[in-house]
Structure formats: structure tokens, C-alpha cells
Amino acid sequence: MPPLLTAAGDEFDKARITLYAYRHSYAQRHADAGTPVDVLRELMGHKTLGTTQTYYRVSEKRTRQAVDRLVTLQFDRHGSRLWDEAKALLDHEHTRMRIGQVAVPFGICAEPSNVKAGGHACPFRFRCLGCDHFRTDPSYLPDLRTYLDTLLRDRERLAAATELDAWARAEATPSEEEISRLRRLIRRVESNLDALTDEEREEIRQATSALRRSRAVQLGMPTLRPAAGGLPLEREA
Ligand code: SF4
């Protein structure tokens with residue numbers, strides 16, 4: 001075997017090579033080339049996407065490309081596009097985005113005190129759909145749909161609950177305003193995706209896959225059950 005050189009040009013110690021590591025290299029190269037994770041799962045013979053995802057890391061470059069692609073489809077809480085004309089973000093804008101926002105379960109929060117506290121100090125009890133500091137993009141579409149399911153299920157369950165005082169039931173029941181705002185936001189994201197070409201939608205799908213893989217798990221936030229399936233960006237029947 002010829003000398004193996006690292007990215008810095010040093011020779012890699014061949015004694016440290018294990019055959020099994022080739023599976024990781026194989027997965028990483030496919031991931032960097034943008035192979036969809038479900039295709040990679042097939043190629044690697046895994047039963048679950050979760051197993052496949054442990055075989056590669058999302059590179060900084062790929063994350064940046066994904067952020068660039070999705071930022072043009074960022075929406076405020078009213079469903080209005082925020083960066084209609086946005087092109088690739090400059091370096092300092094990437095840095096600002098990373099430190100100037102934190103993830104919330106179905107989008108992004110840019111409220112300074114909450115960002116400073118790492119997402120643990122929302123001053124508005126996480127009423128994101130009614131907050132000017134909230135924004136979202138198509139990578140959160142599965143989570144928006146899951147949240148809508150949760151609200152609808154909670155509304156039904158609370159309507160049938162007999163063990164609550166009226167005031168407690170009223171406070172715990174999701175408001176019609178929140179439900180209708182969420183439905184409207186989902187429709188806006190979906191209709192913007194519908195307007196894209198097949199090629200653009202595929203780019204968004206790949207960017208979504210990269211970002212959802214790299215997104216940090218948030219602490220101290222209201223939790224949602226994970227969105228079912230892979231990345232269902234398409235409209236539901
Ligand atoms: S309501 Fe949501 S978007 Fe607004 S400050 Fe709180 S966490 Fe941030």
C-alpha cells in the first residue's frame with residue numbers, strides 16, 4: 001500500500017487502519033457528495049436511518065451550503081418570506097446567525113436574552129407562533145406538522161376531560177388562534193415549496209437532511225414527539 005497522507009500532508013500510520021473504518025469513509029464520502037440518507041441506508045444494508053447516520057458527520061462546508069439554501073426560504077410567524085433576495089451568506093453573517101439565534105422545537109428564536117441563555121430563558125413562555133422573534137424554514141416542516149397534530153390531539157383530550165375545573169381546562173386548551181396560525185404557516189411553507197422546480201426541491205430536501213442531522217438538541221424547551229418517517233417535505237394526501 002502506498003503512503004497514506006492526511007489533509008495536512010503528513011503520513012498516516014498504517015498500523016492504525018482497521019478494515020471496518022472503510023465503512024465510515026464510504027458513508028462519509030457519500031454524505032459529502034449529497035447522497036440522500038435513505039439511499040445510503042440501502043447501500044449500507046442498514047435497517048434504520050439512525051444507524052446509517054452514526055456512520056458519518058455533517059461537514060461544516062455542507063452545513064453552510066444547507067444554511068445558504070434554506071435561508072432564502074425563511075418565514076416569519078405570519079408566513080412572510082424574510083430573505084426573498086438572499087444569496088449566499090457572507091462569513092460574518094454565518095457567524096452572526098450561529099451566535100444570534102437558538103433553535104426552538106419548530107423553528108428559530110432570535111430574542112437576545114433567550115439566545116444568551118442558550119434557549120432556556122424565553123420571556124414569553126414559548127409562545128413562538130405569536131412572537132416577532134420567531135422564524136422557521138422548510139427544514140422544520142415535519143416539526144410544524146407534528147406540533148399541529150399535538151395541538152389538535154390535546155384539544156380533543158381536554159374537551160373530554162371531566163377532572164378539570166373550567167378555568168384549568170380553558171388555560172390548558174390550545175387556542176383556536178394558535179391552531180389557525182399554525183395551519184396558515186404550514187400552508188405558506190408548503191405552497192412556497194410547491195412553486196419550486198423539481199431540482200430546487202431536491203436541493204432543499206438535501207439541505208434539510210444535512211441541517212436536521214447537525215441540529216443540536218435543545219434543552220429546557222417544550223418537547224414534541226419526533227416527526228414520523230424520514231423528511232416528509234411533500235404535502236400530505
Ligand atoms: S416565544 Fe419563542 S421566539 Fe419568542 S422569545 Fe420565546 S422562544 Fe423566542
Side-chain angles (χ1 to χ4, degrees), residues 63-64 66-84 86 89 92-155 157-158 167-193 204 207-208 210-227 231-233:
T63 303
R64 277 181 174 234
V67 169
D68 279 349
R69 192 64 193 88
L70 281 162
V71 81
T72 59
L73 281 174
Q74 212 171 66
F75 300 82
D76 66 12
R77 65 190 167 103
H78 304 292
S80 303
R81 292 268 291 272
L82 288 169
W83 299 84
D84 234 353
L89 292 174
H92 74 274
E93 288 171 320
H94 267 281
T95 307
R96 185 172 55 77
M97 277 188 73
R98 294 285 176 88
I99 62 173
Q101 61 186 33
V102 287
V104 287
F106 36 86
I108 296 158
C109 167
E111 199 284 322
S113 63
N114 192 37
V115 172
K116 193 171 169 194
H120 301 279
C122 169
F124 312 123
R125 294 178 62 208
F126 298 107
R127 295 298 181 264
C128 301
L129 291 171
C131 176
D132 275 343
H133 299 290
F134 173 74
R135 57 207 57 175
T136 192
D137 66 49
S139 67
Y140 291 99
L141 195 47
D143 309 296
L144 288 165
R145 288 178 181 142
T146 299
Y147 187 48
L148 178 59
D149 287 347
T150 304
L151 292 185
L152 294 174
R153 206 174 43 245
D154 285 354
R155 185 175 64 177
R157 187 170 44 79
L158 286 157
W167 67 265
R169 188 203 319 275
E171 282 201 4
T173 301
S175 72
E176 291 303 318
E177 180 71 23
E178 183 173 18
I179 290 170
S180 63
R181 274 177 178 265
L182 181 53
R183 282 194 167 122
R184 197 162 59 229
L185 185 55
I186 291 171
R187 276 200 300 273
R188 293 300 293 269
V189 178
E190 286 177 339
S191 63
N192 272 267
L193 282 173
I204 293 295
T208 295
L211 277 190
R212 289 180 70 87
R213 174 86 175 88
S214 69
R215 200 164 277 154
V217 174
Q218 292 302 299
L219 302 174
M221 305 292 301
T223 54
L224 299 174
R225 67 183 165 81
L231 297 169
L233 295 180

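Counting starts at 1 for both ligands and their atoms, following the listed order. Numbers here are sequence positions counted from 1.
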Chemist: With heavy atoms under 4.0 Å as the rule, classify the contact between Arg127 and ligand 1 as side chain, backbone, both or neither.
Modeler: backbone
Chemist: Counting from 1, what ligand 1 atoms have a heavy atom of Val104 closer than 4.0 Å?
Modeler: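 Atoms satisfying the 4.0 Å criterion: 7 (S).
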Chemist: Show me which atoms of ligand 1 lie under 4.0 Å from any heavy atom of Cys109.
Modeler: 3 (S), 5 (S), 7 (S), 8 (Fe)
Chemist: The criterion is ring-ring contact (aromatic ring centres under 6.0 Å, His included); which residues satisfy it with Phe75, sequence neighbours excluded?
Modeler: none
Chemist: Can you sort out the partners of Arg188 under salt bridge (charged side-chain N to carboxylate O under 4.0 Å, His left out), two or more places apart, ordered by chain and number?
Modeler: none
Chemist: Would you say atom 6 (Fe) of ligand 1 has Cys122 as a near neighbour, meaning an N/O/S atom of that residue under 2.8 Å away?
Modeler: yes
Chemist: With heavy atoms of Glu111 as the reference, note each atom of ligand 1 found under 4.0 Å away.
Modeler: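 In order of number, 5 (S).
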Chemist: At a threshold of 2.8 Å, where the distance has to be below it, does atom 8 (Fe) of ligand 1 have an N, O or S atom of Cys131 nearby?
Modeler: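 False for Cys131.
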Chemist: Check each atom of ligand 1 against the heavy atoms of Phe134 and keep those under 4.0 Å away; list them by number with element.
Modeler: 3 (S)
Chemist: Kindly indicate, with the supporting measurements, whether the criterion salt bridge (charged side-chain N to carboxylate O under 4.0 Å, His left out) is fulfilled by Glu190 and Arg145.
Modeler: CA-CA 11 Å; Glu190 286 177 339; Arg145 288 178 181 142; 2.9 Å; yes
Chemist: If you define the side chain from C-beta out and look only at heavy atoms, does anything of Pro123 sit under 4.5 Å from Ser113?
Modeler: yes
Chemist: Quick one: does Arg183's side chain get under 4.5 Å of Leu148's, heavy atoms only?
Modeler: yes
Chemist: Check step by step if side-chain contact (heavy atoms from CB on, under 4.5 Å) holds for Tyr140 and Ile108.
Modeler: CA-CA 9 Å; Tyr140 291 99; Ile108 296 158; 3.7 Å; yes
Chemist: Heavy-atom contacts with Asn114 under 4.0 Å: which atoms of ligand 1 show up? List them by number with element.
Modeler: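 Going through ligand 1 atom by atom, the ones under 4.0 Å from Asn114 are 7 (S), 8 (Fe).
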